[in-house]
Amino acid sequence: GGIHETVSSLHMKSWRNDMRRDINQINRTLPRIPSAQKTAVIKWWLQTVHSRFEHYKAEHIKVLKEATVLLELALWKAKLDDDEGGDDYFEAHTKKVKVDVERTRSERRVTSGANIVIKNVLPFLALK
């Protein structure tokens, strides 16, 4: 169902395993609980699962943000390498004005296509 699909899309395997264990815990615990206490145990279980899920969801978002930055930088670097022959270009032209190099690098960042790639990659990494 829905929660299992979302849990399956968590970044870390240990997070997925923790969530599956917590979700399945109620099936092991509930049969041993007296009827009068079942409601309280279910509430406690729901709060525990929800709290852990919110924590992992926040961590997943942090990992996505870091990955997005790394992807953008990698695309920028690839654009620099393609357009100017890579680091050799900048080493060979070190006598040029520093401002020109910085401006060129900034322009390449804008034209690297990272915004398009990231927009199309992130949906595959987002929680479902």
Given side-chain contact (heavy atoms from CB on, under 4.5 Å), test Ile23 with Arg20 step by step and report yes or no.
CA-CA 5 Å; Ile23 290 168; Arg20 287 183 185 121; 5.8 Å; no
side-chain contact (heavy atoms from CB on, under 4.5 Å) between Val41 and Ile26, intermediate numbers included:
CA-CA 9 Å; Val41 169; Ile26 196 70; 4.2 Å; yes
For a side-chain contact (heavy atoms from CB on, under 4.5 Å) check, start with the C-alpha distance between Lys38 and Lys43, then their side-chain angles and the critical distance, and finish with the verdict.
CA-CA 9 Å; Lys38 287 188 183 208; Lys43 284 181 182 179; over 6 Å; no
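With respect to Glu59, the side-chain hydrogen bond (donor to acceptor under 3.5 Å, both in side chains) criterion is satisfied by exactly one of Lys57, Lys62, His55: Lys62.
In this structure, Phe53 has no ring pair (Phe, Tyr, Trp, His ring centres under 6.0 Å) partners at least two apart in sequence or on a different chain. Val63 pairs by the side-chain contact (heavy atoms from CB on, under 4.5 Å) definition with His11, Trp15, not counting sequence neighbours.
With contacts defined as side-chain heavy-atom distances shorter than 4.5 Å, the pair Arg52/Gln47 does not qualify.
Residues Arg16 and Val7 share a closest heavy-atom pair of CG-O, 3.1 Å. Ile33 and Thr29 get closest at one heavy-atom pair: CG1-O, 3.2 Å. When all heavy atoms of Trp45 and Asp22 are compared, the pair lying nearest together is NE1-O, 2.7 Å.
Atom CG of residue Leu64 and atom OG1 of residue Thr68 lie 6.0 Å apart, to the nearest 0.5 angstrom. Leu30 CG to Ser35 OG: the interatomic distance, rounded to the nearest 0.5 Å, is 9.0 Å. How far NZ of Lys13 is from CG of Asp18: 12.5 Å, rounded to the nearest 0.5 Å. Here the straight-line distance linking atom NZ of Lys77 with atom CG of Leu70 works out to 14.5 Å at 0.5 Å rounding.
Under the 4.5 Å side-chain contact rule for hydrophobic residues, Ile61 and Met19 do not share a cluster.
Without hydrogens or angle criteria, Ser9 side chain to Thr6 main chain gives a donor-acceptor distance under 3.5 Å.
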